Amino acid sequence: YFIKRNKINASVVTITNHEVYQYMKRQKRNPSERAFIKGYMAGFEGKSRSLCPHETQKTRHDWLNGWREGRNDQWDGFNRQASMEKINNL
């Protein structure tokens, strides 16, 4: 088990090894989804969109879409746990 402490409200989130494995397995299969998730996390953390690491048009587009959604969620007041739940439900 992995235990993470939420910095915003100090709640504890427990993630099983199986959940981590399934998440990583799914990420490896779909580069578009992985780019979206990485962009979402960057946007949610307040990073600049100019930091997009992708050069191909499709993955860059997916990363920027994720970045925009992450920024919107941050501005709407989502906490870290809510954003992780959203990512896991994609």
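These figures come from a predicted structure and were not determined experimentally. The analysis underlying the following values was restricted to heavy atoms, covering all of them including side chains, and did not include hydrogens, waters or symmetry mates.
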Q: Can you sort out the partners of R68 under side-chain hydrogen bond (donor to acceptor under 3.5 Å, both in side chains), two or more places apart, ordered by chain and number?
A: N65

Q.
Applying side-chain hydrogen bond (donor to acceptor under 3.5 Å, both in side chains), can you list everything that pairs with K58, at least two apart in sequence or on another chain?
A. D62

Any idea which heavy atoms bring [X] and [Y] closest together, and the distance?
X	Y	answer
N79	F44	O-CZ, 3.7 Å
F78	S83	CD2-N, 4.4 Å
S48	W63	O-CH2, 4.1 Å
A35	H54	CB-NE2, 3.8 Å

(Q) Looking at R80 and E45, is any side-chain nitrogen of the basic one under 4.0 Å from a carboxylate oxygen of the acidic one? (A) yes

Q. Side chains of D73 and Y40: closer than 4.5 Å at any heavy-atom pair?
A. yes

Point-to-point distance, once rounded to the nearest 0.5 Å, from [atom1] of [X] to [atom2] of [Y]:
X	Y	atom1	atom2	result
E33	K38	CD	NZ	12.0 Å
F36	T59	CZ	OG1	14.0 Å
E69	L64	CD	CG	13.0 Å

Q. With a cut-off of 6.0 Å (strictly less than), are more than 12 heavy atoms of other residues, nucleotides or ligands near NE2 of H61?
A. no

Q. In terms of heavy-atom contacts, does NZ of K86 have more than 12 from other residues, nucleotides or ligands at under 6.0 Å?
A. yes

Q. Among side-chain atoms of R60 and Q57, is any donor-acceptor pair under 3.5 angstrom?
A. no

Q | Pairing residues for E85 by the side-chain contact (heavy atoms from CB on, under 4.5 Å) criterion, not counting sequence neighbours | A | Q81

